[in-house]
Amino acid sequence: MSHELRTPLNGILGYAQILQWDEDCTPTKKEGIDTIYQCSEHLLT
């Protein structure tokens, strides 16, 4: 995978992971964050 895609995806994964730790997140937001994380992880593999 090219550097141009891998670097931004790693940033998205890191930010999504930080947001997953937010205890004040609503279930809807948590679901969206989980989806972003899963999709980004899938694109990296």
Side-chain angles (χ1 to χ4, degrees):
M1 176 178 288
S2 74
H3 181 310
E4 289 80 16
L5 290 174
R6 190 173 49 243
T7 301
L9 282 172
N10 281 324
I12 292 168
L13 281 170
Y15 192 69
Q17 196 171 30
I18 290 169
L19 291 173
Q20 286 175 330
W21 297 333
D22 184 10
E23 295 176 3
D24 296 330
C25 221
T26 65
T28 304
K29 288 181 183 178
K30 174 96 170 102
E31 185 178 332
I33 293 165
D34 290 344
T35 301
I36 291 168
Y37 185 85
Q38 290 170 357
C39 291
S40 297
E41 195 171 56
H42 176 72
L43 287 171
L44 280 175
T45 57

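None of the values given here were measured: they were computed from a predicted structure.
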Using the side-chain contact (heavy atoms from CB on, under 4.5 Å) rule, take Leu43 and Leu5 through it: C-alpha gap first, then chi angles, then the decisive distance, then the call. CA-CA 9 Å; Leu43 287 171; Leu5 290 174; over 6 Å; no
Is there a donor-acceptor pair under 3.5 Å between the side chain of Thr45 and the backbone N or O of His42? yes
Quick one: salt bridge (charged side-chain N to carboxylate O under 4.0 Å, His left out) pairs with a partner in residues 7-22, sequence neighbours left out? none
Carefully, step by step, assess Leu44 and Ser40 under the rule side-chain contact (heavy atoms from CB on, under 4.5 Å). CA-CA 6 Å; Leu44 280 175; Ser40 297; 5.9 Å; no
Do you know the tightest heavy-atom contact between Tyr37 and Gln20? CB-NE2, 3.8 Å
Distance check, rounded to the nearest 0.5 Å: Asn10 atom CG versus Glu41 atom CD? 10.5 Å
For Ile36 versus Ala16, what's the shortest heavy-atom pair and its separation? CG2-CB, 4.3 Å
Quiz: residues 24-32 side-chain donor-acceptor pairs under 3.5 angstrom, not counting sequence neighbours:
unit_1: Thr26; atom_1: OG1; unit_2: Lys29; atom_2: N; d: 3.2
unit_1: Lys30; atom_1: NZ; unit_2: Asp34; atom_2: OD1; d: 3.4

